[in-house]
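Read the structure below first, then the notes.
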Amino acid sequence: MPAMACCVDAATARFPPGYAVATPAAGSSFLAPVPLSGVPPASNNVEASHWSPSLSAELYNIDGWGAPYFSVNESGNLSVRPYGAATLAHQEIDLLKIVKKVSDPKLLGGLGLQLPLIVRLPDVLKNRLQSLQSAFDLAVQSQGYGAHYQGVYPVKCNQDRFVVEDIVRFGSPFRFGLEAGSKPELLLAMSCLCKGNPQSLLICNGFKDAEYISLALLARNLALNTVIVLEQEEELDLVIDLSKKLSVRPVIGIRAKLRTKHSGHFGSTSGEKGKFGLTTTQILRVVRKLEQVDMLDCLQLLHFHIGSQIPSTALLSDGVGEAAQIYCELVRLGAHMQVIDIGGGLGIDYDGSKSSESDISVGYSLEDYASTVVEAVRLACDRRSVKHPVICSESGRAIVSHHSVLIFEAVSASTYESPAVSPFGLQYIVEGLPDEARADYENLSDAAMRGEYETCLLYADQLKQRCVDQFKDGSLGMEQLAAVDGLCDLVSKEIGAVDPVRTYHVNLSIFTSIPDFWGIGQIFPIVPIHRLDQRPSGRGILSDLTCDSDGKIDKFIGGESSLPLHELEGDGRYYLGMFLGGAYEEAIGGLHNLFGGPSVVRVSQSDGPQSFAVTRAVPGPSCEDVLRVMQHEPELMFQTLKHRAEECVDGNSIAATASLAACARSFRNMPYLVVGASSCSMTAINNSGFYYCNEDAYNDPAAAEDEQWSYGVA
């Protein structure tokens with residue numbers, strides 16, 4: 001420790017590494033910093049030059065949570081395998097190439113969209129649907145089950161028009177339907193299913209009023225296979241009265257409250273105290289009332305929901321077995337039962353741990369899930385000699401999570417700067433310290449000489465706090481406080497006690513794009529989508545653009561509190577991807593700080609040179625768009641600013657034009673940071689002094705000439 005002692009004793013001419021001095025010490029006797037957890041140290045035969053994509057795949061556990069849809073290619077980029085395990089090598093899609101195509105200016109052949117960006121992958125969506133159907137088909141066939149599986153997609157998971165339409169189209173060959181939980185969801189489901197398989201189910205869940213039930217009965221009249229599921233006993237009277245008035249014979253389902261309870265975070269809607277469903281007593285009253293009005297034959301479906309993200313097949317078997325007994329009892333009571341709807345709960349493995357003890361993982365495969373469900377229903381029905389029902393599930397999370405990738409940029413990162421102090425400067429600082437602070441300084445020097453690391457830290461903290469107090473009292477200058485801060489930070493660094501985790505600032509709003517992390521602590525896999533052939537240089541947390549201390553991500557898969565990341569390289573871009581976020585995130589995202597949603601592109605596999613085609617591109621909401629949501633009127637706002645500009649420029653029309661053009665671009669651009677040029681940000685004022693920026697121009701170059709609304713510049 002003598003070198004450190006000399007750094008805190010200006011009378012000597014020796015200073016530790018990191019100081020700019022005339023005669024630097026040969027070395028420091030302090031311990032080297034502790035290697036970063038999760039990043040293999042360079043001394044373990046994994047120097048940066050020997051790093052490989054396979055090591056990155058292992059580091060981020062990509063094969064655990066990403067298989068069979070995501071992998072690292074030989075270029076060190078994240079690639080998509082659109083057909084899962086059946087994807088051929090030439091069919092893989094490089095995510096970095098998608099980002100380049102989308103974000104490059106139009107003059108360079110790109111689409112000129114601004115990040116953040118959601119990449120939708122309909123081929124993955126189709127594969128998820130087919131895989132789910134195949135798993136149940138296999139279970140039905142192998143167990144000799146007497147009916148079939150027929151799923152529905154709960155549109156609450158992602159109500160995007162093209163997602164829902166894709167599911168209806170992809171699922172039509174196996175009668176895949178939709179589930180709605182509100183009136184607008186019911187309207188979109190009705191419209192979409194008009195183009196689907198007529199046998200597809202339309203499950204009407206959620207709390208209902210007369211208008212909701214009337215819509216559901218209308219759907220029945222439109223030859224849609226509609227089932228009104230009773231969530232509350234009171235809804236039955238409305239169904240009976242309205243069906244008679246409209247002369248529609250309804251198909252009715254009942255949601256049962258099971259005793260089986262999911263103990264995890266997502267189990268709050270299960271058990272006897274759950275938010276939804278009828279108790280056994282209420283179910284019996286519903287059966288009696290239907291029998292009294294000669295409508296017991298209308299009761300044909302039993303619905304239940306154990307809870308989202310069911311962790312184990314043991315819990316699944318218990319819940320399905322209990323529900324199957326209720327189903328058999330309804331058959332005994334005279335209901336014309338046809339379908340058992342097991343609800344949602346099919347989980348996905350967010351962290352790749354395949355654990356049945358975690359809220360973010362599951363200990364089973366699709367095949368395990370399907371086999372467990374079919375077996376539980378079959379055994380219960382066989383014991384009671386009841387005909388096997390059609391099995392329906394509402395597996396939204398498992399269907400849409402994988403098909404969507406959120407891509408965003410890291411724009412800067414915090415850095416540690418070693419203080420530069422000359423021998424004379426250090427002596428001046430020490431002499432300027434008050435007596436008590438100087439005593440702490442001398443104690444620190446003595447502890448350094450004795451090699452007492454913990455004592456060094458104690459005195460450094462004590463010195464720092466005493467100087468902070470004296471600064472607050474006005475007895476210490478800012479230069480001295482900064483120098484003491486630097487000295488104490490250097491002590492920590494030399495001992496190895498400096499926190500190695502850096503903060504990476506990302507061009508994103510967590511409240512808008514990853515709201516479940518902020519709201520319920522849901523963890524998603526986040527990985528750099530490129531440079532995976534390079535060894536990460538350190539670890540970091542992610543901080544978003546919002547003016548909110550909660551706008552950060554400091555929890556990652558694997559129980560980690562930081563993420564292995566690379567050094568930012570000058571003007572080079574550093575792209576990160578958040579995966580498995582296709583369910584719920586877009587639907588529940590907010591507008592904190594008026595940051596709107598990301599740009600969205602739809603990308604399909606093709607046989608072209610890039611292996612993909614962008615079939616749809618939509619820019620994210622502009623400042624104008626988000627202002628309108630909050631009842632502001634951008635045109636009037638601009639006119640107000642225009643009048644003020646004309647008053648302030650003293651007749652200088654050129655200055656007014658330039659200022660207002662910049663203001664107009666701000667209204668039309670996305671709220672996020674413009675990192676590099678986009679087609680919209682590069683659009684200039686035309687000769688008439690008007691600024692145009694039409695969203696349709698992103699999809700149709702000719703549309704750039706059309707005026708959506710314009711700003712006049714005097």
Sub-3.5 Å donor-acceptor pair from the side chain of [X] to the main-chain atoms of [Y], do we have one?
X	Y	answer
Q534	R531	no
H505	L545	no
S475	Q470	yes
D625	S622	yes
S599	G620	yes
Y60	L532	no
S414	T503	yes
S75	N77	no
D516	I520	no
S445	Y441	no

To the nearest 0.5 Å, tell me how far [X] [atom1] sits from [Y] [atom2].
X	Y	atom1	atom2	result
E92	E74	CD	CD	9.5 Å
E624	N669	CD	CG	11.5 Å
S562	I553	OG	CD1	13.0 Å
I541	S561	CD1	OG	9.0 Å
K100	H530	NZ	NE2	12.5 Å
Q462	C488	CD	SG	10.5 Å

For [X] and [Y], which heavy atoms make the closest approach, and how far apart are they?
X	Y	answer
S79	N73	CB-ND2, 4.0 Å
P528	L78	O-CD2, 3.6 Å
L444	A460	CD1-N, 4.4 Å
K552	F517	O-CE2, 3.1 Å
I510	G551	CD1-C, 3.5 Å
P311	S358	CB-O, 4.1 Å

Subject >> Pair L576-V527, side-chain contact (heavy atoms from CB on, under 4.5 Å): steps then yes or no >> reply: CA-CA 6 Å; L576 301 170; V527 180; over 6 Å; no
Subject >> Donor + acceptor pair across side chains of D544, T546 (<3.5 Å) >> reply: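 Their side chains do contain a donor-acceptor pair, which is all the 3.5 Å distance test asks for.
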**OP:** Could you tell me whether the side chains of S361 and D349 share a donor-acceptor contact shorter than 3.5 Å?
**Re:**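 Yes, a side-chain donor-acceptor pair sits under 3.5 Å.
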With sequence neighbours excluded, what pairs up with [X] under the side chain to side chain contact (heavy atoms under 4.5 Å, CB included) test?
X	result
T512	S509, F595, Y672
S52	S54, L55
T455	A447, E452, Y459
V468	Q465, K472, L481

Original post:
Is K555 salt-bridged to E560, going by a charged N under 4.0 Å from an acidic O?
Top reply: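 Result for this pair is no, no salt bridge flagged.
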Original post:
Does the distance from a Lys or Arg side-chain N to an Asp or Glu carboxylate O, for K464 and D440, drop under 4.0 Å?
Top reply: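 No.
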Subject >> Pairs flagged by salt bridge (charged side-chain N to carboxylate O under 4.0 Å, His left out) wherever residues 583-601 is involved - sequence neighbours left out >> reply: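 Residue pairs passing salt bridge (charged side-chain N to carboxylate O under 4.0 Å, His left out), neighbours aside: R120-E586.
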**OP:** Kindly determine whether E442 and R438 satisfy salt bridge (charged side-chain N to carboxylate O under 4.0 Å, His left out), including the steps that lead there.
**Re:** CA-CA 6 Å; E442 293 170 354; R438 193 181 303 116; 5.5 Å; no
Please set out all donor-acceptor pairs under 3.5 angstrom arising from side-chain atoms of residues 401-411, sequence neighbours excluded.
residue, atom, partner, partner atom, Å
S401, OG, R397, O, 2.6
H403, ND1, V400, O, 2.7
E409, OE1, R573, NH1, 3.1

A side-chain contact here means heavy atoms from C-beta on lying under 4.5 Å apart; do [X] and [Y] qualify?
X	Y	answer
C467	Q480	no
V600	L117	no
V362	I348	no
C623	S666	no
L487	D485	no
D104	L111	no

Going by the angle between their ring planes, with limits at 30° and 60°, are [X] and [Y] parallel, tilted or perpendicular?
X	Y	result
F579	F70	perpendicular
F638	F667	perpendicular
Y574	Y504	tilted

Subject >> Candidate pair M578 and I514, rule side-chain contact (heavy atoms from CB on, under 4.5 Å), full reasoning >> reply: CA-CA 9 Å; M578 188 273 278; I514 319 179; 3.9 Å; yes
Original post:
What do the steps show when you test V601 against V618 for side-chain contact (heavy atoms from CB on, under 4.5 Å), and what is the final call?
Top reply: CA-CA 6 Å; V601 292; V618 180; over 6 Å; no
**OP:** With side-chain contact (heavy atoms from CB on, under 4.5 Å) as the test, would you mind laying out the steps for I523 and D351 before giving the verdict?
**Re:** CA-CA 8 Å; I523 297 175; D351 64 1; over 6 Å; no
**OP:** Show your reasoning for whether side chain to side chain donor-acceptor pair (under 3.5 Å) applies to N593 and D548.
**Re:** CA-CA 9 Å; N593 272 159; D548 196 303; over 6 Å; no
Original post:
Would R502 and E567 satisfy salt bridge (charged side-chain N to carboxylate O under 4.0 Å, His left out), going step by step from the backbone distance to the final call?
Top reply: CA-CA 10 Å; R502 300 169 65 188; E567 193 74 30; 2.9 Å; yes
**OP:** Report yes if the distance between the aromatic ring centroids of F524 and Y350 is under 6.0 Å, otherwise no.
**Re:**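 Yes, close enough.
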